[in-house]
Number of protein chains: 2
Amino acid sequence: MDAAKRRRLETAGWRVGDTADFLELTSQEAELIEVKLALGDYLRQVRREHRWTQTQVAERIGSSQSRVAKMEAADASVSLDLVMKSLFSLGVTTRDVGRVIGRPA
Amino acid sequence: MDAAKRRRLETAGWRVGDTADFLELTSQEAELIEVKLALGDYLRQVRREHRWTQTQVAERIGSSQSRVAKMEAADASVSLDLVMKSLFSLGVTTRDVGRVIGRPA
DNA sequence: ACATCGTATGTCAGACCTGACATATCTTCA
DNA sequence: TGAAGATATGTCAGGTCTGACATACGATGT
């Protein structure tokens, strides 16, 4: 796992030990986080393509700017349910979501 | 939407109005449920391929038989996070998950 | 009929996630 | 540089999900 991603996980609030015992995250948790990172990135991409601000997206999906920021950052406090529902609210299809998940960054 | 699926959603605890105003479920909620149904079916499929009982799966993923049953039934009380984490615990890859989501039943 | 095993359904206390808000940190542009 | 808009981070009360348990339902074999 490269340093940049590790930094990103740590900042996002996931408790990542030092390099050696990184696997205090069990592997299935790691895969779940992988998915959240991918969907968070995708959410940001879709938002930017539409030239929307986080605040505009928040209104559209009935949430708040801070939560949108957290989704994009794959913060430990956001659920997959919320991210997916948000993507669907922005017009993304299940097909797109499947593609994004199936091809981890 | 066909009758069988509707019955399934209702039994699973989703408040589905009568046929006409089915869309008291907003479309993004409907898509999310679509995803949960697909993953629930897939979980059951994987479990059966391994000839495991729900109880055995529960032990493996650190949960209970009842929750496994609810995941397979796409019960309204289960999160996507839980279903995905469970699938990963059973050895399914992100690629598989992506495929399942991308091809709604 | 009646056990036994697997699955379904209901409930609940405690854990977790949510929107909202406050506030801090970029970014951009004059 | 400074002001303004956008994004990030922290916190919290209230709502949601969780594992566990009890119990009901369904097959399958005797």
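Every chain is numbered from 1, with letters handed out A, B, ... down the list of sequences. What you are looking at is a predicted structure, and each value in this text was computed from that prediction instead of being measured.
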When you measure from the side chain of B:Asp81 to the backbone N and O of A:Ser79, does any donor-acceptor pair fall under 3.5 Å?
->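 Pair absent, no side-chain N/O of B:Asp81 close to backbone of A:Ser79.
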
Where the side chain of A:Lys36 meets the backbone of A:Ala76, is there a donor-acceptor pair that is under 3.5 Å apart?
->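 No: the side chain of A:Lys36 does not pair with the backbone of A:Ala76.
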
For [N] and [X] - does any side-chain N or O of the residue sit under 4.0 Å from the phosphate oxygens OP1/OP2?
| X | N | result |
| --- | --- | --- |
| B:Thr55 | C:dC5 | no |
| B:Arg44 | C:dA8 | yes |
| A:Ser63 | C:dG19 | yes |
| A:Arg47 | D:dT7 | yes |
| B:Ser79 | D:dT18 | yes |

Decide yes or no, distance alone: a donor-acceptor N/O pair under 3.5 angstrom between the base of [N] and the side-chain of [X].
| X | N | answer |
| --- | --- | --- |
| B:Lys70 | D:dG19 | no |
| B:Gln65 | C:dA8 | yes |
| A:Ser66 | C:dC21 | yes |

Decide yes or no on salt bridge (Lys or Arg N to Asp or Glu O under 4.0 Å) for A:Arg47 and A:Glu72, but give the supporting numbers first.
-> CA-CA 10 Å; A:Arg47 176 174 66 80; A:Glu72 292 185 355; 2.6 Å; yes

Using a cut-off of 4.0 Å on non-hydrogen atoms, how would the nucleic acid contact of A:Val78 be classed: base, sugar-phosphate, or nothing?
->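 A:Val78: backbone/sugar contact only, no base atoms under 4.0 Å.
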
B:Arg67 side chain: which of D:dG19, C:dT7, D:dT9 is closest?
->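 Nearest nucleotide to the side chain: D:dG19.
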
Measure the distance from CE on B:Met71 to C1' on D:dA20 and round it to the nearest whole Å.
->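 Distance, rounded to whole Å: 13 Å.
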
